[in-house]
Amino acid sequence: MDQAALEAPAALDLGPAWQHDFARLGPDFVTELRPTPLPDPHLVSVNRLLAGDLGLDADRLAGAESVAAFTGNQPLAGSRPLAGVYSGHQFGVWAGQLGDGRAILLGGIATPQGVQELQLKGAGRTPYSRGGDGRAVLRSSIREYLCSEAMHGLGIPTTRALLLTGSPQPVPREEMETAAVVTRVAPSFVRFGHFEHFAARGQLGALERLADYVIDTFYPQCRDSGRAGGNRFAALLEQVSERTAATVAQWQAAGFCHGVMNTDNMSILGLTLDYGPFQFMDAFVPGHVCNHTDQAGRYAYNRQPNVAYWNLYCLGQALLPLIGDEELAVAALESYKTVFPSELEARMRARLGLAQAGPEDRRLIEGILALLAAGRVDWPIFWRRLAEGVAGGDLEPVRDLFPDRAGFDAWARDYRDRLAGEAGEPGERMLRTNPKFVLRNHLCESAIRQAKLGDFSAVETLLRLVQSPFGEHPEHEDLAGFPPDWAAHIEISCSS
């Protein structure tokens, strides 16, 4: 045996069998390569809840051997590391070829939740890095790790995060930071941009292989001859449009701003993907822009629904050579315009404790949104106080949030009348729908500041809270309050 083989670290056997269906699409889609090691890796956090969901041993994941493997320093037995290519529109402009510039897919593992792919974000340069360093920094990695779990805790479709590791390796951004690697988990990381890539290059055979892979693996109902005129590719576009509509409706109801809704950041499964300059709003400002890089405000909160449709239109253009009928493609996209408003109204109705639809509901929803915007009222605190007020029979603490007391009083009279016709306990339902703990920017920032000093306790605390955001957790009451004044000056950009 040669010296290099003797020095190579032994592969870690994670346990479950690996599957590599995406890799089998061939070299047009992926480049196989190993992660680039980082010096002195250490554990920041292990997501014990997700580990349990996947049937993995959390204690073993927290061990030194696992930390080395999930930082990219040691192979995982049975994995097949690779980076994928895709293209996309960024801020509304065609950017051409993109790809996994710092993310390396290990493969899929069999779990009680079905096959889940594991991907290392920040694992080094790939052929698609486009001059980037292939690294992620601790700051942004903490934000992604926590937010993916916060979204899951709220019931919003999302990628998840299993493990977060760090290294003292310096990484230059606006200032010198340190490296980190997030182990991301999802059934698939296929994006709209994958389809755009092959369509733009005229590689229709590869485009069809990709579409059939997605249909057979995730949307087998698209082969039902009764859907979309029997056209499986139009049926796929319709299904993706509906899933995207439902997810974006949940974003809007939660006051969530994605910040960078490029087509390469849109999941073909309707998952929330790529947490960069995200924000859960503090004051309700419909035109709020959370991404400091987005000078034109393309991805403002109130523009997200239309941007999602625009992105779906780009997907439709990419699929059109397979669909072969422009009218069928347009009809498939139209499903978004039906599903989004219906889903949003249902989500807002649930936040108001209304189990059954009523003819006055839209007016009630629009009325409270107008009052919230006019008063720049804190979005999370309003909804939680409203839930507590309905449950306890006292709306006075809610009224105190509004500069326009008379306007709120008029709305509240109509709201009480509407609640009078509701069966069961609407207040109890609302406490399970309106979270007490929301991953606000200032909470992330405080946890990041501690983590940079080597103290990861705030990360662990926030992880527990966002995984059960509707609970009371009285020992952490201070984390459910109004943001401090300095929170208004936090700037989040695409830099990570």
Side-chain angles (χ1 to χ4, degrees), residues 47 49-50 53 86 88 90 100 103 113 116-119 121 136 140-162 164 182-194 214 218 239-281 288 290-291 294 298-312 315 336 339-340 343-344 347 379-380 435 438-441 444 462-463 466-467 469 492 494 496:
N47 184 347
L49 180 63
L50 177 55
D53 290 345
Y86 49 81
Q90 299 191 325
D100 292 329
Q113 311 297 316
Q116 298 287 318
E117 292 186 342
L118 273 58
Q119 185 186 75
K121 182 176 180 179
S140 61
S141 299
I142 287 173
R143 284 174 56 82
E144 171 148 3
Y145 180 75
L146 291 175
C147 194
S148 56
E149 288 307 294
M151 296 292 269
H152 181 74
L154 294 171
I156 299 174
T158 180
T159 60
R160 297 188 68 186
L162 177 63
L164 174 57
V182 180
T183 301
R184 304 202 292 187
V185 180
S188 175
F189 291 93
V190 172
R191 307 150 184 267
F192 291 10
H194 281 90
V214 170
F218 305 107
Q239 292 285 292
V240 175
S241 296
E242 292 178 4
R243 282 202 192 185
T244 303
T247 296
V248 175
Q250 288 180 268
W251 290 1
Q252 300 303 108
F256 175 76
C257 306
H258 185 281
V260 59
M261 289 177 65
N262 297 332
T263 59
D264 57 294
N265 293 338
M266 298 293 291
S267 162
I268 203 68
L269 301 183
L271 306 175
T272 312
L273 175 68
D274 286 343
Y275 293 95
F278 70 83
Q279 184 179 5
F280 289 93
M281 280 192 297
H288 180 67
C290 69
N291 182 356
D294 184 9
R298 176 179 177 81
Y299 299 139
Y301 166 79
N302 60 358
R303 292 182 175 179
Q304 291 183 144
N306 285 341
V307 169
Y309 181 80
W310 191 92
N311 289 343
L312 285 163
L315 176 64
Y336 179 91
V339 172
F340 174 77
E343 283 285 328
L344 180 57
R347 298 291 173 182
W379 180 265
V438 173
L439 189 67
R440 297 180 189 251
N441 265 351
C444 278
L462 287 178
L463 179 64
V466 300
Q467 287 178 331
I492 308 296
C494 292
S496 59

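The shortest side-chain heavy-atom distance between E343 and Q250 does not fall under the 4.5 Å cut-off. Looking only at side-chain heavy atoms (C-beta outward), I156 and H152 stay at 4.5 Å or farther from each other. With a 4.5 Å cut-off on side-chain heavy atoms, Q90 and N265 do not count as touching. V240 is listed as a side-chain neighbour of L315, based on a closest heavy-atom distance under 4.5 Å. For the pair T244/M266, a side-chain contact is recorded, criterion being any heavy-atom separation below 4.5 Å from C-beta on. Considering only heavy atoms from C-beta on, Q304 stays 4.5 Å or farther from N302 through its side chain. At least one side-chain heavy atom of F278 sits less than 4.5 Å from a side-chain heavy atom of L439.
Counting all heavy atoms, side chain and backbone alike, P157 lies closest to T247 at CG-OG1, 3.6 Å. Taking both residues in full, the closest heavy atoms of G259 and N291 are given as O-ND2, 3.0 Å, listed atom of the first, atom of the second, then distance. Scanning all heavy atoms of the two residues, the minimum distance from C147 to F256 falls at SG-CE1, 3.9 Å. Closest approach of R191 and D264 over heavy atoms only: NH1-O, 2.6 Å. Here the closest non-hydrogen pair linking N311 and F192 is O-CD2, 3.6 Å. Shown here for P277 and I492, the closest heavy-atom pair between the two residues is CA-CG2, 3.2 Å.
For the residue pair Y145/N47, the side-chain donor-acceptor check at 3.5 Å is not satisfied. Inspection of the S140 and Y275 side chains reveals no N or O donor paired with an N or O acceptor under 3.5 Å.
With values rounded to the nearest 0.5 angstrom, L154 atom CG is found 11.0 Å from E149 atom CD. Separating the CD atom in Q113 from the CZ atom in R160 is a distance of 8.0 Å, to the nearest 0.5 Å. From N306, atom CG reaches atom CE of M261 across 9.5 Å, with rounding to the nearest 0.5 Å. The CD1 atom of I268 sits 11.5 Å away from the CD atom of Q239 when rounded to the nearest 0.5 Å. R243 contributes atom CZ, which lies 9.0 Å from atom CZ of F218 (distance to the nearest 0.5 angstrom). Rounded to the nearest 0.5 angstrom, Q116 CD and L162 CG are separated by 10.5 Å.
At least one donor-acceptor pair closer than 3.5 Å links the side chain of D294 to the backbone N or O of Y299.
Partners of P305 under the side chain to side chain contact (heavy atoms under 4.5 Å, CB included) rule, at least two apart in sequence or in another chain, are V248, Q252, Y336, F340. C290 meets the side chain to side chain contact (heavy atoms under 4.5 Å, CB included) test with C257, Q279, H288; sequence neighbours excluded. Qualifying side chain to side chain contact (heavy atoms under 4.5 Å, CB included) partners for S267, counting only residues two or more places apart in sequence or in other chains: L269, L271, L273.
Geometrically, R298 engages W310 in a cation-pi contact, judged by NZ or CZ lying under 6.0 Å from the ring centre and within 45° of the ring axis.
With respect to D274 and R184, a salt bridge is recorded, a charged nitrogen being found less than 4.0 Å from a carboxylate O. With salt bridges taken as basic N to acidic carboxylate O contacts below 4.0 Å, none links K121 and D100.
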